[in-house]
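Single-structure report; data block below.
The basis for the numbers below is simple: all heavy atoms, side chains too, and nothing from hydrogens, waters or symmetry mates.
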Amino acid sequence: MKYILLLILLLNGLFASSSEFIEKMNYEIIYEKALERAIKENKSIMMIASTKSCPWCRKLERQTLTRDNINNIIQKNFVPLAVDQDLKNYPKKYEVKVVPTVYFIYPKDESVIKKVLGYKNKKEFSKILDEVVSK
């Protein structure tokens with residue numbers, strides 16, 4: 001019985017909602033609002049497409065995106081947006097076959113600067129950020 005309870009607690013942690021992450025890290029959750037803000041602030045959008053049941057999405061949030069050096073680059077250069085592809089307000093023009101998927105979007109014409117599939121550790125993601133920021 002102890003093992004079943006422990007398994008339930010572990011799975012709950014893996015599949016926990018990312019709402020705490022979104023609130024703590026100051027991410028937008030509505031595409032149109034992020035787009036408006038990005039145009040106003042002259043920044044690109046960094047959109048993370050995930051699902052509630054995605055353990056790799058939570059791992060990306062906890063082990064990569066919450067790192068100070070990575071979060072500082074994100075907040076300085078992008079309007080961060082976290083969306084759940086299973087919800088009806090998901091922007092359908094950005095097709096997702098793998099979660100997490102991170103889109104870097106140019107707000108003026110909503111074109112994709114870069115699309116990143118799957119989990120990336122902090123070193124890999126830092127390189128991706130450097131590449132996108134330098135464009």
Contacts of K114 that satisfy salt bridge (charged side-chain N to carboxylate O under 4.0 Å, His left out) - sequence neighbours left out:
E131

Please set out all donor-acceptor pairs under 3.5 angstrom arising from side-chain atoms of residues 29-37, sequence neighbours excluded.
from, atom 1, to, atom 2, distance (Å)
Y31, OH, Y94, OH, 3.0
Y31, OH, E110, OE1, 2.6
R37, NE, E41, OE2, 3.0
R37, NH1, E28, OE2, 2.9

For residues V116 and L65: do they belong to one hydrophobic cluster (side chain heavy atoms under 4.5 Å, members Ile, Leu, Val, Met, Phe, Trp, Tyr)?
yes

I113 reachable from F78 in the ILVMFWY side-chain graph, under 4.5 Å edges
yes

K123 atom NZ, neighbour heavy-atom count above 12 within 6.0 Å
no

Please determine whether residues M46 and V112 belong to a single hydrophobic cluster, defined as Ile, Leu, Val, Met, Phe, Trp and Tyr linked transitively by side-chain heavy-atom distances below 4.5 Å.
no

Here the gap from T64 atom OG1 to L129 atom CG, rounded to the nearest 0.5 Å, amounts to 10.0 Å

So, for A49 and V96, which heavy atoms are closest and what is the spacing to 0.1 Å?
CB-CG2, 3.6 Å

Are the side chain of S44 and the backbone N or O of F104 linked by a donor-acceptor pair below 3.5 Å?
no

Minimum heavy-atom separation for K92 to L87, with atom names?
NZ-O, 4.0 Å

Please indicate whether K135 has more than 12 foreign heavy atoms, meaning atoms of other residues, nucleotides or ligands, lying under 6.0 Å from its NZ.
yes

Side chains of D86 and Y90, heavy atoms from C-beta outward: is any pair under 4.5 Å?
no

Minimum heavy-atom separation for P80 and I74, please, with both atom names.
CB-CG2, 3.8 Å

Heavy-atom check, side chain of V102 versus side chain of L60, under 4.5 Å:
yes

Here the pair of heavy atoms bringing I73 nearest to D130 is CD1-OD1, 4.3 Å

Non-neighbouring partners of N71 that pass side chain to side chain donor-acceptor pair (under 3.5 Å), sequence neighbours left out:
Q75

Hey, any chance W56 and Y27 share a hydrophobic cluster, counting ILVMFWY side chains that come within less than 4.5 Å of each other, even indirectly?
yes

Does V99 share a hydrophobic cluster with F125, counting links as ILVMFWY side-chain heavy atoms below 4.5 Å and allowing steps through other members?
no

Is any side-chain heavy atom of I105 closer than 4.5 Å to a side-chain heavy atom of K115?
no

Give a yes or no answer on whether the side chain of K120 reaches the backbone of L117 with a donor-acceptor pair at less than 3.5 Å.
yes

Should we say atom NZ of K122 is surrounded by more than 12 heavy atoms from elsewhere, each under 6.0 Å from it?
no

Nearest heavy-atom neighbours spanning M47 and P91
SD-CG, 3.8 Å

Short N-O contact, R58 and E61, less than 4.0 angstrom:
yes

Hey, what do you get for CG (L81) to OH (Y103), rounding to the nearest 0.5 Å?
12.5 Å

Mind checking the CE-OG1 spacing from M25 to T66? Nearest 0.5 Å is all I need.
6.0 Å

